[in-house]
There are 2 protein chains.
Amino acid sequence: MLLTDRQLLILQIIVDDFIRSAQPVGSRTLSKKEGISLSSATIRNEMADLEEMGYIEKTHTSSGRVPSEKGYRYYVDHLLSPQALNQQDISVIQSIFAEKIFEFEKVIQKSAKILSELTNYTSIVLGPAVSVNKLKRLQIIPLNKETAVAILVTDTGHVENRTFPLPVSVDPSDIEKMVNILNERLTGVPLEDLHNKIYKEVATLLKQHINNYDLMLHQIAETLKMPIHEKLFFAGKANMLSQPEFNDITKIRNLLTMIDQEEWITNLIRSNTAGISVKIGSENQDRVMDNCSLITATYSAGSEKLGSIAILGPTRMEYSRVISLLKIISRDLTEVFTKLYQE
Amino acid sequence: MLLTDRQLLILQIIVDDFIRSAQPVGSRTLSKKEGISLSSATIRNEMADLEEMGYIEKTHTSSGRVPSEKGYRYYVDHLLSPQALNQQDISVIQSIFAEKIFEFEKVIQKSAKILSELTNYTSIVLGPAVSVNKLKRLQIIPLNKETAVAILVTDTGHVENRTFPLPVSVDPSDIEKMVNILNERLTGVPLEDLHNKIYKEVATLLKQHINNYDLMLHQIAETLKMPIHEKLFFAGKANMLSQPEFNDITKIRNLLTMIDQEEWITNLIRSNTAGISVKIGSENQDRVMDNCSLITATYSAGSEKLGSIAILGPTRMEYSRVISLLKIISRDLTEVFTKLYQE
DNA sequence: TGTTAGCACTCCTAATCAACGAGTGCTAAT
DNA sequence: ATTAGCACTCGTTGATTAGGAGTGCTAACA
């Protein structure tokens, strides 16, 4: 059953109004909106229909109407008018990229901060999966007789380091030889493949050149095997506390506790593979997200997806504005990283 | 005016009871405690005296008594019976150090997590000031024609990295020469002194060996000058939401917002230079901490202070337990790092 | 046939009030 | 010095009330 133009208009105004005020919207309020020249009684009839179709709900028998999840979904899919950002917002966003950028993480972190400040919601940014980056250089630096630190530099300029125990009485010159061979053979290999590659292709080569290579190699290989998690950045966690739908402390506690579980939130955000994704309430598959919406966008370098940038807010979220902001920032991030990575 | 033994006993029970129940303590409740064989009327008289001296307060004219800040202070200074931790707590703490440890940050982070889980308060750990660590090795790895990443390894195994722009058309062999000279001259120098040292002692030397050294050197020196902040780790921020004194959302929001300001919280925690410090309520110099206490301990390597470990909770905090836990963990951390750094 | 005025009804909210009880301070007796 | 007794205070709880916003339905209207 299709919605009439009038029903669409009413639905749109209800959602817009509720997003603004957090108060259920009544027929009288609606009838006085400009763009509407109907009596409250007519609107009541239309609202009854909209409710029957599941787009809006009452909080109690004689209350005004509130958008249902289905209503938000329809609103996001069909009624969203792309909102032009004002000049002030735009210049704030540009400030992210104002300084010359060399450090990946700083840009990401600053984006998260700005985004949460502009929206008053919580922003979450998932850094790039370092494990697909390619090795630029491996260095091993002995700290003392028993430990050394292995340093991996990727072609993107990311630096990973791991401390590991040195086998007893290993010869410094052997380490150097080994590192040279490893670099020769492993440069350009994605970090996640290093472990395999070492055993499959490099081990035999090392055997010929270095005494007692195996213990050392094993140690290094194990060290490099540890998974490299995508980094997660948050900003504005406390913003959730300002939302009227979270005046219940236990709700907030549950939500904040969940958010602190990096693995959970990473999965939630990573599932989006391209473009903008809007997940409303229960679409997020977890009860703690019942009153929340999550909007995610991705950023890339060239055609390769690097990471995601997300806004978590109440279902009563300013979808239009948030989507506009995410689009701009993800576009700008993509632009910057494309330049940064591919020169 | 000194407190009599009986007043001490009553004060102690009031604080203990209030810490446990979060409810004002009345004279009748007190009179029924074991160890007390006085009528409620007598206790009322004593309580009136204690109140006059400022150790306890009423929430309203006919309510039971609640410890004042002065009362907590006295309790912490004189009435605290060092609480023995049970076996379970101890084994949980030991689990921090169960795996063989090479990575500093992991231990710190795990300590924070365990500490917040054991106490149900918020734990904050301040990592060591990297800037006093001494340079073990400097490496410069060109990423492409325009940028390179500088890597600093300290004698403690900490790795810092900075990406910076390469001067145009710099010769790779010059970079190598330069790095060799810098390593030769700068090894053992604290990171915070690098910048000075480079200009004072190394510049003239480089001049003799390398063409166009100045632009490159300047770039490196500037790169190294950026301040290295102590890292800050949090765990259990959401625990604050479970405390009954924070059932007011705006209070929590203010507190959480403050905590998110790294600089502020760093200063708060760093001020403690040794041992255990207990700051109660307004002793923390900020209104948002009015109902909070902050207990900090330090950890060291040998005799050198590395960082701090802290618990933030309500003034109605389990001081005895928290202090015991902090003592143990800071002792264990010190032990581990002393070994790790000084071999 | 679509629109609207009118009206009874529902239910939330805020205010008022009384009953209760936990706790106090004070006084007088022990 | 201690304590029983008592009047008093004040927060909490529950019931009651009034007001208002909003609804659904019916009947009249264009």
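First the proteins, then the strands, lettered A, B, ... as listed; each starts at 1.
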Can you tell me which nucleotide in [options] comes closest to the side chain of [X]?
{"X": "A:R44", "options": "D:dT23, C:dG23, C:dA5", "value": "D:dT23"}
{"X": "B:T61", "options": "C:dT24, D:dC10, C:dG25", "value": "D:dC10"}
{"X": "A:A41", "options": "D:dG24, C:dA5, D:dT3", "value": "C:dA5"}
{"X": "A:E51", "options": "D:dT2, D:dC10, D:dG24", "value": "D:dG24"}
{"X": "A:K58", "options": "C:dT24, C:dT4, D:dG24", "value": "D:dG24"}
{"X": "A:S62", "options": "D:dT2, D:dC10, C:dT10", "value": "C:dT10"}

Which atoms form the tightest heavy-atom contact between B:L9 and B:I36, and what is the distance?
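B:L9 and B:I36 have their closest heavy atoms at CD2-CD1, 4.1 Å.
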
Nearest heavy-atom pair of A:L255 and A:V288: which atoms, and what distance?
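Where A:L255 meets A:V288 most closely, the heavy atoms are CD1-O, 3.6 Å.
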
Take the angle between the ring planes of B:F18 and B:Y72 and call it parallel below 30°, perpendicular above 60°, tilted in between.
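Tilted, since the angle between the ring planes falls between 30° and 60°.
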
Round to the nearest Å and state the distance from [X] atom [atom1] to [N] atom [atom2].
{"X": "B:L50", "N": "C:dT24", "atom1": "CG", "atom2": "P", "answer": "12 Å"}
{"X": "B:F18", "N": "C:dG23", "atom1": "CZ", "atom2": "P", "answer": "13 Å"}
{"X": "B:R6", "N": "D:dT3", "atom1": "CZ", "atom2": "P", "answer": "8 Å"}
{"X": "A:D5", "N": "C:dG2", "atom1": "CG", "atom2": "P", "answer": "16 Å"}
{"X": "B:M47", "N": "C:dA22", "atom1": "CE", "atom2": "P", "answer": "15 Å"}
{"X": "B:E57", "N": "D:dC10", "atom1": "CD", "atom2": "C1'", "answer": "18 Å"}
{"X": "A:I43", "N": "C:dT4", "atom1": "CD1", "atom2": "P", "answer": "9 Å"}
{"X": "A:E52", "N": "D:dG24", "atom1": "CD", "atom2": "P", "answer": "11 Å"}

Is there a side-chain contact between [X] and the phosphate of [N], meaning an N or O under 4.0 Å from OP1 or OP2?
{"X": "A:R65", "N": "D:dA21", "result": "no"}
{"X": "A:S39", "N": "C:dT4", "result": "yes"}
{"X": "A:S27", "N": "D:dG22", "result": "no"}

Within the structure shown, what part of the strands sits under 4.0 Å from B:S63 by heavy-atom distance: base, sugar-phosphate, or nothing?
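Since only primed, P, OP1 and OP2 atoms lie under 4.0 Å of B:S63, the category is sugar-phosphate.
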
Does the base of C:dG23 carry an N or O that pairs as donor and acceptor with the side chain of B:R28 under 3.5 Å?
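It does not, because no donor-acceptor pair links the side chain of B:R28 to the base of C:dG23 below 3.5 Å.
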
Verify the neighbour count for atom NZ of A:K237: are there more than 12 heavy atoms of other residues, nucleotides or ligands below 6.0 Å?
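Correct, the count exceeds 12.
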
I want to confirm an ordering. Mapping A:G26 and B:N45 to their closest nucleotides on DNA chain D, which one lands closer to the 5' end?
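Here B:N45 is the residue nearer the 5' end.
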
For B:N272 and B:T296, does a side-chain donor sit closer than 3.5 Å to a side-chain acceptor?
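Indeed, the side chains of B:N272 and B:T296 share at least one donor-acceptor pair under 3.5 Å.
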
